[in-house]
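Working notes, beginning with the structure itself.
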Amino acid sequence: MIARLTVIGVGLIGGSLARALRAAGTVDQIVGCGRSVANLERARELGVIDRYAQDPAQAVQGADLVFIAVPLGAMRDTFAAIKGRLRDDAVVTDGGSVKGSVVTDAQAIFGDVPTHLVPGHPIAGTEHSGVEASFPTLYRDRCVILTPLPATDSEALDRVTRMWRSCGAQVTTMDVAHHDQILAATSHLPHMLAFGLVDALARLRENDEIFRYAAGGFRDFTRIASSDPIMWRDICIANREQLGKMLRQFGDEMLDLAATIRRGDGDHLLEIFQRAKDARDRYVDGTRQS
Ligand code: NAP
């Protein structure tokens with residue numbers, strides 16, 4: 001049971017956690033924090049939070065659990081704002097999409113990463129933002145990756161694990177660097193392909209016609225290009241090394257594919273498409289990741 005949860009960043013991810021814990025009956029009081037009073041007022045009206053404070057230092061007062069769900073570029077300032085303001089036994093966790101940068105930000109502000117800070121990442125989401133987009137079942141049957149450090153307090157890890165499980169999520173732990181490598185491939189690269197494709201087509205002279213005749217496949221493939229640009233700018237910068245590697249590797253694959261098409265090599269195309277179809281049928285359909 002969480003007596004007082006503070007959610008810093010009451011958007012899709014933070015709002016959905018608040019709603020899920022509320023629905024599960026595992027939280028007593030929820031305090032929201034953010035820059036915009038309009039979003040926080042709306043969160044209160046919707047019953048997502050009980051009250052709010054715009055100042056993170058004030059918002060975390062008396063909280064036994066703090067969840068940080070701001071864009072990655074705002075993490076360091078958030079740590080700085082709550083430093084020295086937390087209860088001694090407060091557990092802090094976050095939902096940032098890259099973990100190496102969160103650990104670096106924590107080190108920059110606290111010196112050592114606090115033992116009660118448990119970095120985490122829910123592998124769930126949509127292309128929508130803000131508290132209005134949040135919903136209580138976002139994490140049900142989804143995976144949450146926690147990336148504790150060797151010094152992380154085991155009770156803090158246990159509390160965060162139980163918090164996510166009470167939302168219906170499956171919790172796994174992973175090394176920070178491994179998380180960032182895997183997510184560069186499964187989430188960050190696909191978002192780059194969607195943003196890159198839509199931007200390239202939008203800049204073609206015939207763009208009106210292209211978008212008018214775009215069918216279901218185009219909509220499916222490009223849905224995630226409607227995601228928040230600031231959030232994705234921050235993810236790219238935070239995971240630039242791993243994402244850069246994936247983009248280079250994928251670029252080479254695309255050049256090979258283009259050469260195969262130019263040669264009219266039907267056998268090789270069939271081989272590539274069959275291998276891709278088998279892999280998707282085997283892995284992706286079963287996991288429902290965003
Ligand atoms: P969101 O819906 O835009 O919510 C972000 C919240 O943070 C907003 O309530 C915003 O409120 C606040 N915020 C924004 N900029 C801030 C700043 N500079 N300082 C303080 N607060 C700020 O975004 P989200 O989708 O929930 O993403 C939040 C975090 O979850 C990100 O770190 C993202 O990487 C991670 N994540 C996202 C997804 C996804 O699919 N969306 C999935 C997994 C993890 P104000 O504007 O009022 O401050």
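Only a predicted model underlies this, so the values are computations on that prediction, with no experimental measurement involved.
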Original post:
Can you tell me if Y139 uses its side chain to pair, donor with acceptor, with the backbone of I123 under 3.5 Å?
Top reply: no
Subject >> Other residues, nucleotides, ligands: >12 heavy atoms within 6.0 Å of D89 CG >> reply: yes
Per-pair distances, 0.1 Å, donor-acceptor, side chain in residues 102-113, under 3.5 Å, sequence neighbours excluded:
from, atom 1, to, atom 2, distance (Å)
T104, OG1, G100, O, 2.9
D105, OD1, R76, NE, 2.8
D105, OD1, R76, NH2, 3.0

**OP:** Using a 4.5 Å cut-off on heavy atoms from C-beta on, say whether the side chain of L270 contacts that of I272.
**Re:** no
**OP:** Hey, could you give me the CD1/CG distance between I145 and L183, rounded to the nearest 0.5 Å?
**Re:** 5.0 Å
Subject >> Heavy-atom pair of closest approach, residues G62 and R87 >> reply: O-NH1, 3.2 Å
Subject >> Within-4.5 Å side-chain heavy-atom neighbours: L17 and C167 >> reply: yes
Subject >> Short side-chain to backbone donor-acceptor contact, T6 and A59, under 3.5 Å >> reply: yes
Original post:
For L189 and L247, what are the C-alpha separation, side-chain angles and deciding distance, and is it a side chain to side chain contact (heavy atoms under 4.5 Å, CB included)?
Top reply: CA-CA 7 Å; L189 177 65; L247 281 166; 3.5 Å; yes
Subject >> Inter- and intrachain pairs under side-chain hydrogen bond (donor to acceptor under 3.5 Å, both in side chains), touching residues 165-181, at least two apart >> reply: T26-S166, H121-H179
Original post:
Quick one: do D199 and R203 make a salt bridge, cutoff under 4.0 Å?
Top reply: yes
Original post:
Just wondering, are more than 12 heavy atoms of other shown residues or ligands nearer than 6.0 Å to CD in E209?
Top reply: no
Original post:
What residues form a side chain to side chain contact (heavy atoms under 4.5 Å, CB included) with R159, not counting sequence neighbours?
Top reply: I2, D64, L65, V91, R162
Original post:
Do L46 and L12 belong to the same hydrophobic cluster, where Ile, Leu, Val, Met, Phe, Trp and Tyr are linked whenever their side-chain heavy atoms lie under 4.5 Å apart, directly or via other members?
Top reply: yes
**OP:** Determine which pairs satisfy ring pair (Phe, Tyr, Trp, His ring centres under 6.0 Å) with at least one residue from residues 237-280, sequence neighbours left out, and list them in order.
**Re:** none
**OP:** Check whether any side-chain heavy atom of M192 lies under 4.5 Å from a side-chain heavy atom of C236, and answer yes or no.
**Re:** yes
Subject >> Closest non-hydrogen atom pair, D228 against S129 >> reply: CB-OG, 3.6 Å
Original post:
Mind checking whether I8 and V31 sit in one hydrophobic cluster, side chains of I, L, V, M, F, W, Y counted as touching below 4.5 Å?
Top reply: no
Subject >> Minimal non-hydrogen separation, I224 against E127, with atom names >> reply: CA-CB, 4.5 Å
Original post:
If you group Ile, Leu, Val, Met, Phe, Trp and Tyr by side-chain heavy-atom gaps below 4.5 Å, do V176 and L117 land in one group?
Top reply: yes
Subject >> R263 side chain near T260 side chain, heavy-atom distance below 4.5 Å >> reply: yes
Subject >> Joint cluster assignment, W164 & F135, ILVMFWY side-chain distance < 4.5 Å >> reply: yes
Original post:
Between the side chain of Q54 and the main-chain N/O of R35, is any donor-acceptor distance below 3.5 Å?
Top reply: yes
Subject >> Between CG on residue L269 and CD on residue Q274, distance to nearest 0.5 Å >> reply: 12.5 Å
**OP:** State whether the number of non-hydrogen atoms from other residues, nucleotides or ligands found under 6.0 Å of I230 atom CD1 is greater than 12.
**Re:** no
Original post:
Among all residues two or more places apart in sequence or in another chain, which pass the ring pair (Phe, Tyr, Trp, His ring centres under 6.0 Å) test with F218?
Top reply: F211
**OP:** Find out whether P229 and F195 are in side-chain contact, i.e. whether some heavy atom of one side chain is under 4.5 Å from a heavy atom of the other.
**Re:** no
Original post:
Looking at side-chain heavy atoms only, is the closest gap between P114 and V92 below 4.5 Å?
Top reply: no
Original post:
Which pairs with one or both residues in residues 234-256 pass side-chain hydrogen bond (donor to acceptor under 3.5 Å, both in side chains), sequence neighbours excluded?
Top reply: H188-N239
Original post:
Do L201 and N207 pass the side chain to side chain contact (heavy atoms under 4.5 Å, CB included) test, and can you show the C-alpha distance, the side-chain angles, and the key distance before you say yes or no?
Top reply: CA-CA 6 Å; L201 294 185; N207 64 20; over 6 Å; no
Original post:
Any sub-3.5 Å donor-acceptor pair from T93's side-chain atoms to V118's backbone N or O?
Top reply: yes
Original post:
Do the side chain of T152 and the main chain of L149 share a donor and acceptor less than 3.5 angstrom apart?
Top reply: yes
**OP:** Please report the shortest heavy-atom distance between M75 and V70, naming the atom on each side.
**Re:** CE-O, 3.8 Å
Subject >> Cluster link V66 to V160, ILVMFWY, side chain under 4.5 Å >> reply: no
**OP:** Kindly assign one of parallel, tilted or perpendicular to the pair W232 and H191, based on the angle between their ring planes and the thresholds 30° and 60°.
**Re:** parallel
**OP:** Please name the pair of heavy atoms, one in P190 and one in S187, separated by the smallest distance, quoted to 0.1 Å.
**Re:** CD-O, 3.3 Å
Original post:
Do the non-hydrogen side-chain atoms of I13 and F67 ever get within less than 4.5 Å of each other?
Top reply: yes
Subject >> Inter-residue atom distance S101.OG - I237.CD1, 0.5 Å rounding >> reply: 10.5 Å
Original post:
Is there a donor-acceptor contact under 3.5 Å from the side chain of S36 to the main chain of N39?
Top reply: yes
Subject >> Residues K277, D281: salt bridge by 4.0 Å N-O rule >> reply: yes
Original post:
How many angstroms lie between atom OG of S97 and atom CG of L72, to the nearest 0.5 angstrom?
Top reply: 6.0 Å
Original post:
If we only count heavy atoms from C-beta on, is the L5 to L21 side-chain gap below 4.5 Å?
Top reply: yes
Original post:
Roughly how far apart are L146 CG and M174 CE, rounded to 0.5 Å?
Top reply: 10.5 Å
**OP:** Drop me the distance from I49's CD1 to E41's CD, to the nearest 0.5 angstrom.
**Re:** 8.0 Å
**OP:** Mind listing the closest non-hydrogen atom pair of T78 and A74 along with its distance?
**Re:** OG1-O, 2.6 Å
Subject >> Q29, R4, R44, R22 screened by side chain to side chain donor-acceptor pair (under 3.5 Å) with D50, the one that passes >> reply: R22
Original post:
Do the side chain of R140 and the main chain of G168 share a donor and acceptor less than 3.5 angstrom apart?
Top reply: no
**OP:** Taking R85 for its side chain and Q61 for its backbone only, find out whether a donor-acceptor pair lies under 3.5 Å.
**Re:** no
